[in-house]
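Throughout, protein chains are lettered first and strands after them, A, B, ... in sequence-line order, and every chain is numbered starting at 1. All figures in this text were calculated on a predicted structure; none of them were measured in a lab.
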There are 2 protein chains.
Amino acid sequence: MGSRVARSKTGIRDVAKRAGVSVTTVSHVLNETPHTRVKDETVDRVRAAAKELGYRPNRLAQGLRTHASGMIGLVAEEIAATPHAGRILLGAQKRADADGLALAIINSDLQVEPFIPPRSVHAFLDRQVDGIVYATVYHDEVVAPPIMRGVPAVLIGARDRDGSIPSVLPDERTGAADVVRMLIEHGHRRIAFVGSSDDIPATRGRVSGYRDAMAAAEMADEARVVDDTSDAAGGYRAAVELLDSQDSPTALFCYDDRMAMGAYRAAAERGLRIPDDVSIVGFDDQAPLPTSMYPALTTVALPHYEMGEWAVETLTALLGAGGAEVEPSSPMLMPCPVIVRDSVGPPRDE
Amino acid sequence: MGSRVARSKTGIRDVAKRAGVSVTTVSHVLNETPHTRVKDETVDRVRAAAKELGYRPNRLAQGLRTHASGMIGLVAEEIAATPHAGRILLGAQKRADADGLALAIINSDLQVEPFIPPRSVHAFLDRQVDGIVYATVYHDEVVAPPIMRGVPAVLIGARDRDGSIPSVLPDERTGAADVVRMLIEHGHRRIAFVGSSDDIPATRGRVSGYRDAMAAAEMADEARVVDDTSDAAGGYRAAVELLDSQDSPTALFCYDDRMAMGAYRAAAERGLRIPDDVSIVGFDDQAPLPTSMYPALTTVALPHYEMGEWAVETLTALLGAGGAEVEPSSPMLMPCPVIVRDSVGPPRDE
DNA sequence: CTGAAAGCGCTTACAG
DNA sequence: CTGAAAGCGCTTACAG
């Protein structure tokens, strides 16, 4: 055993001894226990002793005593399944840190069924986490195991089937409508949707937003959708079909940035310049794609960071509420801002 | 207070009562304490009682008693600073999970100075983590604060200045040499390096690898490097300069995938097809770039996942060693595999 | 203003 | 083969 063990951590008792007071008093001054007055001079002595000894309270012991571990658990289906979803972690961590909470994470495999696996929840419960956030990206709805009702929880990316767990979802529909409206405001009328054939909520939200905006502009008849795989190859194929058709669109709203990448290629092959000959927008703002494309892609951002923040903020509020039952509420819809870059312009006169 | 509190968790005492034995015995059978024989029938009774009650040991209490929290802490400078570095977390988490360890993460701001901030380490030490992994991506060397010597630790992406903390680094130099050699084997001689002007270890490693490979093929004289910013715009400018020069290169090795993206554009503008007219390779394998490009980019992968795994594996070994001092050793160099896709071919005959 | 004591939920010598 | 008891490092009524 090296120096590591010799260290023999200093405990509250050591501080008490050094300050010549009881551990009770040390605890009170260090925690600034409410409704407890301690003589100023004593306070100083205790603080000094703690400092000199480099005393750090053992959070495990505190947790055992107070039934609050000061830790929250984040279980994420295939952590950062989509590369930049890691931003959910960043947002959650930053917020937790600000609240003096530690963030533990655990990975859960992608769930085919919408059931949250109890295993991951148990791992956290055993460690007495104060709350749990469950992040998924592939389901509309999710059903929580019974044990999960024993602790404050919040959901990211899916709603609770029972409606009793607060949840946050990206407002893809509005985001999509916003960017399409922007296209319309630039003067486009023949705006097509390069859609995805994935059967996930995002697919539905984005087409809906597209249709909303077209309808709002009385252009529902102009709406054209061609679906394909949600990657560059799919975007290419869909864009080719659209661009080579009669009355080809002057603007393409792509399901995601990768499809937009394929659409860029289709345009280039046809000698179409962006945005002069055709405007193209994407969705996701998936770094480093949009800024690596030329011209830089105007797209709609998925608010991962914000959802992570919101989740622990909400959890903190729940904790403060002392475990009061949460009344069922509808999911929070986090705005998806459109990020304007260089791929949109007015339609070419014809 | 809702049903949450009513739950009043069942403890080891409840199990003991139900099984009609002492808590000592319960502890022994549940933990399968070595060198302790318990009558089979008793074992069964205890197990049954635990199961019926849905008993789950309180890890906080166990930790307090055994001085092992079963948790390791990962502090990452700007978590997933680069989008796919989130894979470090995935690798670490998977490995920790397999070892029955929980993984807590904490974010640290980007450090300008190579000093690991004690604050982040403290947060973990207070929670009695069994070990710490510190992940950075911008420094060659890092110096750990004194407190960090009090716990098993490992470094990702940087070496410890004192050499006493095990560390793992991507072997960028070899990876670069490998991909350049591949280009050479395809018959290329005029291979240029589209380099980065960033003053970070990666820059140095990748040029060195390039030079190694050129030298090994007796082509040191053919080496040409032009540096620029490490993004698409920089790659474009550098590639333009190279492609428009006398005896322009037949292959471009780009510092990273984003620069390769810019190089693609430069080639396209010049009517140069990839890989027929010019071969291009990148570095990082930064999803979703390489597979979204056309043709799909051949590149060298940064082994984030593997480094994450290695880190907790090594930590686990350290823990097993019971805190024995680690003899200083040189950093582990994790291979950077070249990922072959479609952007390389033989040089065009001239 | 301060302290003795109980107890959080476990594990672990030690004794029988 | 099994159990009583001490103790991990704290907090918190309660008493003085």
Within this structure, what is the [atom1]-to-[atom2] distance between [X] and [N], rounded to whole angstrom?
X        : N      : atom1 : atom2 : answer
B:Arg59  : C:dC10 : CZ    : P     : 11 Å
B:Leu64  : C:dG7  : CG    : P     : 17 Å
B:Asp14  : C:dC8  : CG    : P     : 11 Å
B:Arg13  : C:dC8  : CZ    : C1'   : 9 Å
A:Leu125 : C:dG9  : CG    : C1'   : 16 Å
A:Gln128 : C:dG9  : CD    : C1'   : 9 Å
B:Lys17  : D:dG3  : NZ    : P     : 14 Å

Legend entry - Base-contact (B) and sugar-phosphate-only (S) positions in nucleotides 11-16 of chain D, heavy-atom cut-off under 4.0 Å, - elsewhere: BBB---

Legend entry - Any strand: nucleotide that pairs with D:dA4 via Watson-Crick or wobble, under 3.5 Å: none

Legend entry - Pairing partner (Watson-Crick or G-U wobble, both distances under 3.5 angstrom) of C:dA13: none

Legend entry - Salt bridge B:Asp97-A:Arg119, side-chain N to carboxylate O under 4.0 Å: yes

Legend entry - Salt bridge present between B:Lys94 and B:Glu309 (N-O < 4.0 angstrom): no

Inset, instruction - Could you give me the CA-CA distance, side-chain angles and deciding distance for A:Arg159 and A:Glu141, then say whether salt bridge (Lys or Arg N to Asp or Glu O under 4.0 Å) is met? - result: CA-CA 5 Å; A:Arg159 72 193 74 204; A:Glu141 277 189 356; 5.4 Å; no

Legend entry - Phosphate-side-chain proximity, A:Thr25 and C:dG3, N/O vs OP1/OP2 below 4.0 Å: yes

Just checking, is any N or O donor in the side chain of [X] or [Y] under 3.5 Å from an acceptor N or O on the other one?
X        : Y        : answer
A:Asp160 : A:Ser167 : no
A:Ser164 : A:Arg149 : yes
B:Glu77  : B:Ser108 : no
B:Thr24  : B:Ser27  : no

Inset, instruction - Mind checking the CG-NZ spacing from A:Leu53 to A:Lys9? Nearest 0.5 Å is all I need. - result: 12.5 Å

Legend entry - Rounded distance (nearest 0.5 Å) linking atom CG of A:Leu89 with atom CD1 of B:Ile105: 5.0 Å

Inset, instruction - Go through residues 41-53 of chain B and report each residue with a non-hydrogen atom lying under 4.0 Å from DNA chain D, sorted by number. - result: B:Thr42

